[in-house]
Amino acid sequence: MTEVWTVDPDDLESIAIGAGILGTGGGGNPYVGKLAARRAIREGHPVRVLPLGAFPDDGLVCTVGGMGAPTITIEKLASGDETVAALRTLERHVGRPFSAIIPAEIGGGNSVEPFLVAAKTGLPVLDGDGMGRAFPEMPMITYFIYGVSPYPCAVVDDKGNEVLYPAGVDADWLERLSRGSAVLMGGHAGCAVAVMTGEEVKRTAIGGTLSMARSLGSGVRAARAAGRHIVSAVTGLTGGRQLFEGKIVSVERRTEAGWVSGRMELDGTGADRGHVMTIAFRNENLVAWLDGEVIITVPDLICVCHAEDGEPVTTEMLRYGYRVAVIGMSCDEKLRTRQALSVVGPRAFGFDLDFVPIGAAP
Amino acid sequence: MRVGVDVGGTNTDAVLLESDDVVAHVKVTTSNDVQAGIVEALRELEGREPDAMSAVDAVVIGTTQFTNALIEKRDLAPTAILRLGLPATQAVQPFDDWPEEMVSALRARGQLLPGGNEYDGRVISHLTTMALERAVDELLANDVRAVAICSVFSPATPEMELTAAELVAKRAPRLEITCSHRVGRLGLLERENAAALNASLRPLARRVVSSFESAVAELRLKAPVFISQNDGTVLNTKTARELPVLTISSGPTNSMRGAAVLSGVADGLVVDVGGTTSDFGALVHGYPREAPLSQEFAGVRTSFRMPDVLSLGLGGGSIVSGDGAVVGPISVGAALERTGVVFGGSTLTASDIAIAAGKASFGQPALGEEIDMTVALRGLAGIRTMLEHAIDAMKLARGDIQLVAVGGAAFLVDDQLEGVSKVIRPLHYEVANAVGAACAGVSGSVDRIIRYEADRAAELQSAISGACAAAVRAGAEEDKVEVVEVDDVPVPYLEQAMYRLVVRAVGPLASRS
């Protein structure tokens, strides 16, 4: 089990890099969130990260994060108080103070948001999350997959508008309702949800992912500084493996109900010369085919990185000619159960495919 | 007739152009007194074509002075950012991610005030005269000389910035004011940073632009002066005084534009092969393609419209390993004429193996005969592979593309390359930069967020008219303005689908008449 650690600006830098890689093409850029968290930590409380195991079973925790469109949040920056206010609103409703917070997703922008809240409230952050990667929707969070109620939920904007969802049907409905509120609030809001006891969070969360993102990011930075091969550093630190090396030769993109979906095609280079890879994405990368055969699917992680500098390539950045390495990683066991696969498996994203874990294809 | 002047670190080049044909060109050494260098170049040009100079319609100057001022952190004014957006945007404050040296070079100060708009134009909070005046008084008390005003969503809704600018000007007539919507697109921090850099350059811009005007006046030319900006178009002197930051990185752009004009290629790739690097760019409708990502400049994240350039460590001075297997990235640079084998030296360079293989002829080619032909051919094959990889990386689609090769070591580029339909080496390639300056057009653009279910055709038409009108306002010839870029990018994570529409239009400078 990992130990308690205190977050310094250097850790934030590393976590942002790790979160970018674990974002598997989506999740939003952690840049602005990192700056906001850095400022909050400098001005506020020191932030402690607690291993899940160190949290008492009768403690109370919830998840906090920003909600909205990255294209908007890079323009209308957060006030920095939305998410704290959402936490307080939820606390008032529950009638009991929270003793910790936990991220919803380690991939992309929301990996760093809890640090800002922690710095402003003094609460510790639990070392874990509800995805071990990035996904586009609330029902895909393991807390909800394993029975934690998505209600109550609080959504609060920069101006002080508070919306509370005390009860409802399921996480799908909450996703729809809360996103509608966020849009009305100007495209960005703070969200606090998933009220859990210590026992529940230990049962449903994916543990150790903040430590993991930190060591992944610091490994990449060290490799960069030493001029070592970044892709090998990533596979070494994550237990993943390079699936393909090639060049993007076509990108097809369309918008469906607010998601950017599409496919990219890669021609192999180096050891993969003569082979072709196709990757389908919806915000995140979802399925990869090698010469027409499926070799990995969601919820396992498919990361597309620049071949030279290891910078993750988001699905918004994709373009012809990029030389990339495709890295596959196993997702956490909690995403591989039948229960989870019905929500985060390839069928949940509209593919007529069963889950193909990395390394399973011949 | 047009005159193009390129003020480089080493040389100042000037060309005289009759439509797109080079009538005369001169090269003088750039001295500390930039104005004197320009006058000297213009005088030499006049000496060559005494009668033509009176028929000059415009003098376009490309300069690195503003780029250098920011890199060297000199001549920068004490600058403040006034950000309009409270209660939003407090999470990240102005100058939060700037390098320490830049913050002190600008004696930077930031203030947050109410104001700003939502993505759909609604007001976040109302700007108040009292809050603004109090902020301005405080800036004045701290000897601030320049101020950048940045309001949330100003590229879509600029009114709040304009109102604030009026109020600031009324309260403090001597403050230099930059509105962020004039220097950047959506992406608050990047646009705000660009506006602050611009603000800090304003006093220098007044001096530099005046010196350009004086230089042209000294020659008794009646032609107006324009300054080239980084998207391949020009600024008139009034705008250049207001928005000097738009000239950052105009050098590579001018050389690509020059290559386009000299070769007549509008869509294709350009490579400028110098002594140390080969710089690749892509031409779209005769203009350089813009880089897709945020660009750091002087350690500051910005959203400048930089040309998309791929630099390879390959040039005429690149050192070749003994067996020919490795070429570059280390180069002997300007020392080629002392250390290269064909100049009697002992360092094997890319130029030497090209001469040995008969692809070029300078220095003492006889010395090249000593070079092992297997080594030379292996080296040249390596160069070819490097070029082919870069060409492939810069292309936007499958299929062959035309390549324009310019620069002193353009002979390193083979006539037959994979992925290239034709290699073109235009005449006068050595002054491509000044030619690019002389031929620059004038542009205007529109950047907005639009509902997906809105009438797309009407939205597009309105954006196109907006961009064209902006180009004409900036000095383009009305009948010849063309749309060069239409980009609509979906905005993800919103239930209500939205997209961001960017349109850019360019036209030739209207002539005096």
- Item | A:R323/B:D392 salt bridge by N-O under 4.0 Å criterion |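 Judged by the 4.0 Å cut-off on N to carboxylate O distance, B:D392 and A:R323 do form a salt bridge.
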If I measure from the heavy atoms of chain B, does [X] come under 4.5 Å with its side chain, its backbone, both, or neither?
X      : answer
A:E265 : side chain
A:D157 : neither
A:M185 : backbone
A:A40  : neither
A:K247 : side chain

- Message: With side chain to side chain contact (heavy atoms under 4.5 Å, CB included) as the criterion, how do A:I74 and B:E190 come out once you've worked through the C-alpha distance, each side chain's angles and the decisive distance to 0.1 Å?
- Response: CA-CA 9 Å; A:I74 59 160; B:E190 289 84 357; 5.6 Å; no
- Test B:Y119 against A:K76 for side chain to side chain contact (heavy atoms under 4.5 Å, CB included), laying out the working first. CA-CA 8 Å; B:Y119 67 90; A:K76 184 188 156 188; over 6 Å; no
- Item | Side-chain touch B:D96/A:R42, heavy atoms, less than 4.5 angstrom |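 Side chain of B:D96 against side chain of A:R42, heavy atoms only: contact under 4.5 Å found.
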- Max heavy-atom pair count under 4.5 Å with chain B, selected residue of A:G80, A:A36, A:A78: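 Heavy-atom pair counts peak at A:A78.
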- Query: Of all of A:V32, A:T73, A:L77, which one pairs up most often with chain B through heavy atoms under 4.5 Å apart?
  - Reply: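 The answer is A:L77.
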- Message: Please evaluate residues B:L189 and A:L35 with respect to the criterion side chain to side chain contact (heavy atoms under 4.5 Å, CB included), reporting the C-alpha separation (whole Å), side-chain torsions for both, the decisive distance (0.1 Å), and the verdict.
- Response: CA-CA 11 Å; B:L189 290 176; A:L35 295 185; 3.9 Å; yes
Checking heavy atoms, do the side chain of [X], its backbone, both or neither come under 4.5 Å from chain A?
X      : value
B:E192 : neither
B:E118 : side chain
B:S125 : neither
B:I124 : both

- Message: Checking the side chain of A:E75 only, and the main-chain atoms of B:L186 only, is there a donor and an acceptor separated by less than 3.5 Å?
- Response: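 Side chain of A:E75 to backbone of B:L186: no pair is present.
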Residue [X] excluded, over 12 heavy atoms near [atom1] under 6.0 Å:
X      : atom1 : result
B:I330 : CD1   : no
B:E101 : CD    : yes
A:E43  : CD    : yes

- Task: Considering non-hydrogen atoms only, spot the tightest contact between A:S79 and B:P87 and give its length.
- Result: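 It is CB-O, 2.9 Å.
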